Amino acid sequence: MLTEAQITEYHDRGYVVPQQFSLTDDELQDLRERHARLVTKHPEFFNYCSHLLAFDLAFLNYARHPEILKMVGQVLGPDFALWNSSFFAKPAEGGLKTPWHQDGEYWPIRPLATCTVWIAIDDSTPENGCLRVLPCSHKDQRLRAHHTYEGKDVTLNQELNADEFDESRAADMVLKAGQISLHDVYILHGSAANHSAKPRRGMTLRYMPTTSIFDRDEAARLHREKGITDHSDRTLYLMGGEDLHGGNDFRMRL
């Protein structure tokens with residue numbers, strides 16, 4: 001699915017938007033309806049749900065989308081697993097911002113490696129708080145200094161220190177509904193609050209190469225010491241190949 005140029009762009013810039021792929025209208029409608037039912041039953045997920053599959057396994061159908069799996073395999077290699085899926089709802093006229101951060105600050109994967117697939121459920125624009133990234137900021141493959149943000153006006157609580165990045169270099173990840181982006185675990189990114197009249201729903205799929213291990217003890221430590229969502233109970237789904245690390249406890253193989 002990805003061209004050689006797109007694979008190079010992913011590794012060089014830290015992200016890519018495959019223009020040749022989009023979910024169908026029927027798939028988008030299904031996702032919107034499932035999310036609406038989820039929020040009706042669990043209003044605490046109005047802005048953000050950190051673990052979709054714990055509440056509706058039907059979201060797993062999109063993590064198993066054949067074309068998405070092909071693209072992930074092109075950047076991670078043939079041996080990889082799904083370890084989480086989230087929903088950043090960002091409703092109209094009040095959707096919360098996501099502070100500038102690196103995904104790896106939150107995640108108990110060692111060595112740290114993940115490809116995130118970000119699915120636009122609505123058009124995602126600067127007006128309604130689209131994802132913003134700093135191109136090439138992943139290249140040194142290191143976690144930069146973060147601090148815990150104590151405010152209640154954000155979806156996530158770990159924020160990059162201001163001297164770690166230059167927001168003037170940021171690029172807007174503008175997507176049409178149904179489009180996806182792929183980004184590296186180390187890239188610096190965030191998004192503004194949504195003050196517009198249009199929602200900006202986005203679903204994330206988190207895939208890790210099986211050369212890494214999902215460290216449940218580390219997940220518990222991150223939760224205990226930083227107040228990060230506790231990922232220690234996540235179900236690992238083997239999506240392709242085999243467990244090259246040998247220590248992952250896959251609870252389901254697909």
Side-chain angles (χ1 to χ4, degrees), residues 10 14-18 23 31 35 45 48-65 67-89 98 101-121 131 133 138 141 143 155-158 173 175 180-191 201-216 218-219 222-223 228-241 243-245 248-254:
Y10 176 86
Y15 67 97
V16 68
V17 178
L23 294 181
L31 282 170
H35 180 255
F45 299 148
Y48 173 57
C49 178
S50 66
H51 188 15
L52 278 180
L53 301 182
F55 300 94
D56 186 351
L57 271 175
F59 287 109
L60 190 59
N61 293 332
Y62 297 92
R64 300 171 64 185
H65 197 293
E67 282 74 21
I68 290 177
L69 292 181
K70 288 176 186 175
M71 288 185 275
V72 173
Q74 285 179 283
V75 298
L76 287 185
D79 305 280
F80 62 95
L82 178 83
W83 69 268
N84 196 37
S85 178
S86 304
F87 211 108
F88 291 83
T98 298
H101 68 284
Q102 292 167 293
D103 290 339
E105 182 70 12
Y106 295 84
W107 294 347
I109 297 164
R110 302 294 182 266
L112 192 56
T114 294
C115 170
T116 291
V117 174
W118 202 99
I119 303 174
I121 312 303
L131 197 66
V133 300
H138 70 301
Q141 296 286 285
L143 290 181
T155 56
L156 304 173
N157 76 341
Q158 296 300 302
M173 192 85 78
L175 301 173
I180 69 171
S181 63
L182 290 79
H183 68 257
D184 182 85
V185 68
Y186 284 101
I187 198 164
L188 278 59
H189 62 291
S191 63
R201 290 165 288 189
M203 178 180 170
T204 61
L205 305 169
R206 316 289 194 180
Y207 299 94
M208 57 175 270
T210 64
T211 48
S212 295
I213 188 169
F214 188 81
D215 188 334
R216 298 184 187 278
E218 176 66 5
L222 289 170
H223 174 63
I228 290 169
T229 298
D230 189 356
H231 294 298
S232 62
D233 63 346
R234 297 294 181 260
T235 299
L236 300 187
Y237 301 89
L238 186 63
M239 290 289 181
D243 183 18
L244 298 181
H245 183 280
N248 285 301
D249 56 341
F250 296 109
R251 298 174 186 175
M252 186 175 293
R253 296 172 183 263
L254 299 178

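In this text the structure is predicted, and so the values were computed from the model without any measurement. Positions are given from 1, in the same order as the sequence printed here.
Under the side-chain hydrogen bond (donor to acceptor under 3.5 Å, both in side chains) criterion, Q74 pairs with no residue, sequence neighbours left out. By the salt bridge (Lys or Arg N to Asp or Glu O under 4.0 Å) test, D79 pairs with no residue at all, sequence neighbours left out. Residues passing the ring pair (Phe, Tyr, Trp, His ring centres under 6.0 Å) test with Y106, sequence neighbours excluded: H101. S50 is linked by a side chain to side chain contact (heavy atoms under 4.5 Å, CB included) to Y48, T229, R234, counting only residues two or more places apart in sequence or in another chain. For S86, the side-chain hydrogen bond (donor to acceptor under 3.5 Å, both in side chains) partners at least two apart in sequence or on another chain are N84. In this structure Y15 satisfies the ring pair (Phe, Tyr, Trp, His ring centres under 6.0 Å) test with no other residue, sequence neighbours excluded. T114 pairs by the side-chain hydrogen bond (donor to acceptor under 3.5 Å, both in side chains) definition with nothing, not counting sequence neighbours. For Y62, the side-chain hydrogen bond (donor to acceptor under 3.5 Å, both in side chains) criterion is met by D30, not counting sequence neighbours. Residues passing the side chain to side chain contact (heavy atoms under 4.5 Å, CB included) test with H223 are D230, sequence neighbours excluded. A63 is linked by a side chain to side chain contact (heavy atoms under 4.5 Å, CB included) to L60, L82, L205, Y207, M239, counting only residues two or more places apart in sequence or in another chain. With sequence neighbours excluded, the residues that form a salt bridge (Lys or Arg N to Asp or Glu O under 4.0 Å) with D56 are R34.
Here salt bridge (Lys or Arg N to Asp or Glu O under 4.0 Å) pairs that include residues 106-115, with residues two or more places apart or in two chains, are R110-E218.
Scanning all heavy atoms of the two residues, the minimum distance from V185 to A113 falls at CG1-CA, 4.0 Å.
No donor-acceptor distance shorter than 3.5 angstrom exists from the side chain of T116 to the backbone of H183, with no hydrogens or angles considered. A donor-acceptor pair is defined here as one N or O able to donate and one able to accept, closer than 3.5 Å; no such pair exists between the side chain of T211 and the backbone of H245.
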Notebook entry, point to check: What do the steps show when you test D103 against H189 for side-chain contact (heavy atoms from CB on, under 4.5 Å), and what is the final call?
Noted result: CA-CA 9 Å; D103 290 339; H189 62 291; 3.1 Å; yes

| Working for side-chain contact (heavy atoms from CB on, under 4.5 Å), residues R206 and W107 | CA-CA 10 Å; R206 316 289 194 180; W107 294 347; 3.4 Å; yes

